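Working notes, beginning with the structure itself.
Nothing here was measured: the structure is a model prediction, and the numbers come from that model. Both counts, for ligands and for their atoms, begin at 1 and track the order of listing.
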Amino acid sequence: MKVFASEDRFLVWQVRQLLEDRNIPCFIKNEFAIGGAGDLSPFDCWPEVWITDDGWLPRAKEIIHRWQKELGVGQDWYCPGCGEENAGSFDLCWHCAQERENN
Ligand SMILES: [Zn+2]
């Protein structure tokens, strides 16, 4: 189950560290992928954090959400695609990578 994706590899590493610090088993996919290759959409190339056991999903989401809020500036917003709440600093939904509706 994917819990986070970003074009910024450092954010992805941070999320993995956050989860590992709390003993949530996780791994990174696409860690060394380079965006913009061929016909792939950029999102197909973004590094992603996955948890190995979906039972951890609520806990992982909570941890990531809190971390995003700490980083965040501006208003939280809800994804028009999947309804997930996102921190104001994010222009794309962390959950499904849909763009923010306004601005
Ligand atoms: Zn979404």
Side-chain angles (χ1 to χ4, degrees):
M1 173 69 72
K2 180 173 72 175
V3 293
F4 183 78
S6 172
E7 62 183 337
D8 185 340
R9 197 170 294 157
F10 293 101
L11 291 180
V12 170
W13 285 337
Q14 275 192 49
V15 168
R16 180 181 60 178
Q17 193 62 49
L18 278 173
L19 298 180
E20 282 182 346
D21 286 349
R22 288 159 180 82
N23 298 314
I24 298 175
C26 61
F27 62 96
I28 293 181
K29 269 178 81 165
N30 301 336
E31 184 168 5
F32 301 108
I34 295 165
D39 296 328
L40 292 173
S41 94
F43 302 127
D44 291 335
C45 300
W46 283 12
E48 301 170 343
V49 181
W50 286 63
I51 54 174
T52 53
D53 180 348
D54 289 358
W56 285 105
L57 185 61
R59 182 81 183 112
K61 278 189 167 187
E62 186 197 326
I63 290 164
I64 293 167
H65 182 68
R66 194 175 303 154
W67 168 75
Q68 286 179 318
K69 283 185 101 151
E70 282 171 16
L71 284 181
V73 280
Q75 290 277 310
D76 288 358
W77 55 281
Y78 289 90
C79 174
C82 70
E84 194 67 49
E85 190 179 0
N86 288 275
S89 58
F90 284 68
D91 292 329
L92 297 174
C93 175
W94 72 270
H95 184 249
C96 71
Q98 173 138 344
E99 271 189 73
R100 192 174 181 162
E101 220 161 23
N102 37 15
N103 77 34

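Under a 4.5 Å side-chain heavy-atom cut-off, the cluster of Ile, Leu, Val, Met, Phe, Trp and Tyr residues that includes Y78 has no other member.
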Can you list, pair by pair, the side-chain donor-acceptor contacts under 3.5 Å of residues 17-29, counting residues two or more places apart and other chains?
from : atom 1 : to  : atom 2 : distance (Å)
Q17  : NE2    : D21 : OD1    : 3.0
R22  : NH1    : L18 : O      : 2.9

Practice prompt. Decide ring-ring contact (aromatic ring centres under 6.0 Å, His included) for F4 and W67; before the verdict, give the C-alpha distance in whole Å, the side-chain angles of both, and the deciding distance to 0.1 Å.
Written response: CA-CA 12 Å; F4 183 78; W67 168 75; 5.6 Å; yes
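Scanning both residues, P47 and E7, for their nearest heavy atoms gives CD-CA, 4.4 Å.
Applying the salt bridge (Lys or Arg N to Asp or Glu O under 4.0 Å) test to every pair with at least one member in residues 49-61, sequence neighbours left out, gives these pairs: R59-E62, K61-E84.
The structure places CH2 of W77 at 4.0 Å from CG of N86, a figure rounded to the nearest 0.5 Å.
Around the Zn ion (ligand 1), protein N, O or S atoms at less than 2.8 Å number 4.
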